[in-house]
J.: 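My structure is below; once you've seen it, I'll send some questions.
Throughout, a chain's letter reflects where its sequence line sits, starting with A, and its residues are numbered from 1.
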Protein chains: 2
Amino acid sequence: MAKDLPTLEDVARMSGVSTATVSRALNAPKRVRPETLARITDAVAQLGYTPHFGGRALASNRTFTVGAVIPTMENAIFARGLQALQEQLSAQGVTLLVSTSNYDPDEEAAQVRALLGRGVDGMVLIGEARDAQVYTLLERRGVPFVLVWTWRPDCPWPCVGFDNAEAARAMAQQVLDLGHRRIAMIAGITRGNDRAAARVDGVRGALDAHGLSLPADRLVESDYSLEAGAEAARRLLAQTPRPTVILCGNDVLAAGAYAAIRDAGLSVPADISVTGFDDIDLAHVLSPGLTTVHVPHRRMGEAAARMLLAMGADGAAPDGVALQTGIVRRGSLAAPPPG
Amino acid sequence: MAKDLPTLEDVARMSGVSTATVSRALNAPKRVRPETLARITDAVAQLGYTPHFGGRALASNRTFTVGAVIPTMENAIFARGLQALQEQLSAQGVTLLVSTSNYDPDEEAAQVRALLGRGVDGMVLIGEARDAQVYTLLERRGVPFVLVWTWRPDCPWPCVGFDNAEAARAMAQQVLDLGHRRIAMIAGITRGNDRAAARVDGVRGALDAHGLSLPADRLVESDYSLEAGAEAARRLLAQTPRPTVILCGNDVLAAGAYAAIRDAGLSVPADISVTGFDDIDLAHVLSPGLTTVHVPHRRMGEAAARMLLAMGADGAAPDGVALQTGIVRRGSLAAPPPG
DNA sequence: TTGTACGCGTTATCAG
DNA sequence: CTGATAACGCGTACAA
């Protein structure tokens with residue numbers, strides 16, 4: 001299949017220098033005389049030369065690649081952060097390799113191994129909860145990695161994110177302040193997902209502080225999909241008395257809840273309020289706009305990139321980066337209906 | 001940074017055979033005696049050996065990698081198809097490398113070069129419109145590639161997709177059948193984007209066939225973003241008389257239009273109808289649900305994977321695959337308001 | 001069935 | 001500033 005590509009040697013021959021000089025011309029242009037550089041540049045262009053990746057990886061023991069394993073590409077949750085990550089990395093000549101785990105820890109471990117096999121220079125992982133073996137593996141290999149979408153004061157690994165529990169607590173607090181007392185939650189599947197679990201904890205904490213609780217029948221765990229979110233909401237709507245507000249573990253779940261509420265002939269927020277988490281585009285497209293926790297997607301991606309590049313250079317273990325979240329008030333949250 | 005990893009030679013030493021045998025044990029297990037194989041397998045496990053990607057690429061001239069360049073990850077348009085592509089490929093031990101062009105042809109060309117430099121065994125590109133140089137490059141390199149999201153009878157390259165013009169024409173036809181005559185369109189930027197252009201052509205064709213036309217002030221080109229879509233819609237809503245329907249080049253633009261319409265105190269579809277294109281999740285989350293062109297995302301991704309793998313094996317240039325689209329009627333399209 | 005030996009394209013060291 | 005040349009880890013003729 002693949003035809004023979006021009007190699008460094010071809011370029012060297014055509015420009016009348018040695019391969020070493022060509023290599024330098026490409027990697028450290030200022031260490032070669034301008035005129036030779038020009039000849040080489042010409043030859044490169046004429047031949048359409050591109051460095052051979054494998055050769056480079058072999059000789060330099062670097063791949064200029066970082067890997068990221070995210071749960072899914074099917075919704076936009078991770079898209080914006082990834083985009084930012086990629087932009088930062090490619091500005092430094094580093095390629096981003098993305099793969100997905102479908103929220104399955106074993107699958108994630110497999111993807112990590114695959115990425116390591118490809119010799120990635122660094123790795124970005126979502127959240128903190130995973131088999132200890134994965135961390136062991138990463139450390140044995142000496143591959144720098146950073147965790148994103150989570151942050152807590154005493155996290156043992158470099159992480160860039162925010163305090164999911166605190167953000168969820170703040171949202172619940174806001175809901176309480178409006179007078180809601182029959183509060184329900186649709187959470188993501190908490191098993192193997194520390195962000196989903198932390199968000200539940202945060203809500204619990206706020207309720208506890210008010211002498212309330214989140215009874216089992218007011219908490220539904222659900223896959224992060226529209227359909228599953230709608231199904232979960234249906235279960236909550238069937239209860240008597242009906243909750244006056246549904247706190248959702250993310251915006252996709254909230255969108256599903258909207259659909260169920262609409263199908264039930266109810267309206268947001270007159271009959272029932274809804275809140276989300278993540279602030280993806282979806283949140284302000286919904287009608288009414290979704291009140292949600294704003295997450296600094298792009299800044300997370302950018303900070304992760306910077307941190308990874310720094311770790312590759314210094315080899316030092318950096319401090320985590322704690323970013324702020326905030327609550328975006330839109331139409332979906334109002335005081336509970338009377339009665 | 002990266003610690004020294006075990007190599008083939010380490011495994012060979014530990015199991016008391018030559019590197020050649022270890023290599024065979026890994027790549028063609030049945031060509032080595034069961035007992036030696038067992039010893040080798042043990043050593044591999046003990047050392048935690050993983051083949052070095054660069055070395056393998058260098059020696060075998062294959063990377064078991066295919067690349068895809070998509071316009072953006074920021075919305076979900078390409079996500080589902082990519083996911084399907086990735087699933088199919090990884091089932092065959094092939095890794096998918098994704099990069100983005102931000103709808104910029106030059107950027108796309110750069111990404112293609114970068115991917116080629118990494119020695120991808122195949123490539124997936126979106127649509128047909130790009131600099132001839134890119135095609136030349138691909139063919140000179142002998143790297144199999146397939147175009148997705150587009151199909152037409154006489155496309156000179158292998159493509160998997162659908163007829164964008166025909167799908168848009170059908171949608172416009174449906175709108176005409178409902179009695180609409182003041183028809184406006186928000187299209188994607190057509191320059192460098194054959195899908196966007198084809199969708200405009202399709203709408204034009206339907207109108208022409210009815211003795212109507214799409215005057216310049218009823219056609220707005222817009223970036224594929226919510227904000228830009230809303231802005232475009234605002235311009236159209238300001239006209240007198242107002243259009244009775246806005247055909248949008250994709251669902252994201254339509255969602256933007258919804259927002260503008262809502263802000264203008266109007267309602268869909270009572271005051272104005274809206275249609276989309278792509279049928280991403282967004283379309284049935286909007287309220288009312290968006291009437292849109294359903295695109296077979298997953299089947300496109302799967303077919304592309306199959307085609308690419310086949311091309312890698314046979315080396316033959318396969319026929320294109322034409323998939324069907326369909327119109328999904330939801331609440332956003334109704335007969336025009338009287339008057 | 002197994003081993004030897006070479007080459008893949010690049011970088012890096014060291015002389016010049 | 002430039003050139004020889006030795007790695008880098010693996011696959012694969014070819015030989016045994």
J.: Looking at every strand, decide which applies to Leu8(A) at a 4.0 Å heavy-atom threshold: base, sugar-phosphate, or nothing.
T.: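 Since a base atom lies under 4.0 Å of Leu8(A), the category is base.
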J.: Give the ring-plane orientation class for Tyr103(B) versus Phe78(B), where under 30° counts as parallel, over 60° as perpendicular and anything between as tilted.
T.: tilted
J.: Can you tell me how far C1' of dG9(C) sits from CG of Leu47(A), to the nearest Å?
T.: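 These atoms are roughly 15 Å apart.
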J.: Picking from Gln83(A), Glu302(A), Arg80(A), what satisfies side-chain contact (heavy atoms from CB on, under 4.5 Å) with His297(A)?
T.: Arg80(A)
J.: Please check the phosphate of dT2(C) (OP1 and OP2 only) for any side-chain N or O of Arg33(B) closer than 4.0 Å.
T.: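 Yes, Arg33(B) has a side-chain N/O under 4.0 Å of OP1/OP2 on dT2(C).
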J.: Tell me the interatomic distance from Leu26(A), atom CG, to dT10(C), atom C1', rounded to whole angstroms.
T.: 11 Å
J.: Does Arg62(A) make a cation-pi contact with Phe64(A), if we ask for NZ or CZ under 6.0 Å from the ring centre and within 45° of the axis?
T.: yes
J.: Using modelled atom types only, decide if a donor and an acceptor are shared between the side chain of Thr41(A) and the backbone of Leu37(A) within a distance under 3.5 Å.
T.: yes
J.: Ignoring backbone atoms, establish whether Thr36(B) has a side-chain N or O less than 4.0 Å from OP1 or OP2 of dT2(C).
T.: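 Answer is yes, contact under 4.0 Å.
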J.: What is the distance, to the nearest angstrom, from the CZ atom on Arg31(A) to the C1' atom on dT11(C)?
T.: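 The answer, rounded to whole Å, is 15 Å.
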J.: Which of these nucleotides, dT2(C), dT11(C), dA5(C), is closest to any side-chain atom of Arg24(B)?
T.: dT2(C)
J.: If you assign each of Thr50(A) and Val17(B) to its closest nucleotide in DNA chain C, which residue comes earlier from the 5' end?
T.: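 Comparing both residues, the 5'-ward one is Val17(B).
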J.: On DNA chain C, compare the nucleotides closest to Ser18(B) and Leu58(B); which residue's is nearer the 5' end?
T.: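 Nearest-nucleotide comparison on DNA chain C picks Ser18(B).
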J.: Have a look at Ser23(B) and say if it touches a base, only the backbone sugar-phosphate, or nothing, with a 4.0 Å heavy-atom cut-off.
T.: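 The residue Ser23(B) makes base contact.
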J.: Mind checking whether Phe145(B) and Tyr135(B) have parallel, tilted or perpendicular rings, split at 30° and 60°?
T.: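 Phe145(B) and Tyr135(B): tilted rings.
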J.: Where each residue is assigned the nucleotide of DNA chain D containing its nearest heavy atom, which of Ser60(A) and Gly16(A) is assigned the position nearer the 5′ end?
T.: Gly16(A)
J.: Which nucleotide wins on minimum distance to the side chain of Val32(B), given the candidates dC10(D), dT2(C), dA4(D)?
T.: dT2(C)
J.: Look at Arg56(A) and dT11(C) and indicate whether a side-chain polar atom (N or O) is within less than 4.0 Å of OP1 or OP2.
T.: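 Checking Arg56(A) against dT11(C): at least one side-chain N or O falls below 4.0 Å of OP1 or OP2.
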J.: Nearest to the side chain of His52(B), which nucleotide is it out of dT2(D), dT10(C), dC10(D)?
T.: dC10(D)
J.: Are any of Asn27(B)'s side-chain N or O atoms less than 4.0 Å away from OP1 or OP2 of dG11(D)?
T.: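 The answer is yes; a side-chain N or O of Asn27(B) sits under 4.0 Å from OP1 or OP2.
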